[in-house]
Amino acid sequence: MGAGLACQGLWTLMGPKSVIPLEVVCFMFLGSGMGAVDGTSPAILGDIADRKFGGTGRIYLMSNVAVQAGFVVGPVLGNAVVEVGGFPGGMLVMGGALLIYSAVFAATTAARRAAKTPASAPLLAAA
């Protein structure tokens, strides 16, 4: 999952954004990173649902709420960044945020493995 996030971040940062063939390649690899994340999410959520909620759909509901909130908040913040810094500026901010998040995700995953804590421990504490 971390590799998918990093792939998205790196290909979002690629430029220049005015070269259409390069942008097409960037979007193809960005999509592959999205597929890597979206492909593993249901398995992780299923594991959390079995361990924490007894197999109920509650975790999927929380996941759906987060995704839908992203559909609202993402364009609002993205358009504000693009208005200030243009499209390349927006891509730099988004790519940087994805890379930072993938680094934090990798670091917390490594720390959890060292402590032998389940991957869902932070989510379980919040729920």
Please report the closest heavy-atom contact between [X] and [Y], naming both atoms and the distance.
X     : Y     : result
Gly70 : Pro75 : O-CD, 3.7 Å
Val37 : Gly4  : CG2-C, 3.9 Å
Thr40 : Ala36 : OG1-O, 3.2 Å

Quiz: residues 82-101 side-chain donor-acceptor pairs under 3.5 angstrom, not counting sequence neighbours:
none

*What residues, two or more places apart in sequence or in another chain, satisfy side-chain hydrogen bond (donor to acceptor under 3.5 Å, both in side chains) together with Asn64?*
Gln68

*Consider only side-chain heavy atoms of I, L, V, M, F, W and Y, link residues closer than 4.5 Å, and tell whether Val65 and Val73 are in one cluster.*
no

For the [atom1] atom of [X] and the [atom2] atom of [Y], what is their distance to the nearest 0.5 Å?
X     : Y     : atom1 : atom2 : result
Cys26 : Leu10 : SG    : CG    : 10.5 Å
Ser18 : Glu23 : OG    : CD    : 9.0 Å
Phe29 : Gln8  : CZ    : CD    : 13.5 Å

*Between Ser32 and Cys7, is any pair of side-chain heavy atoms under 4.5 Å apart?*
yes

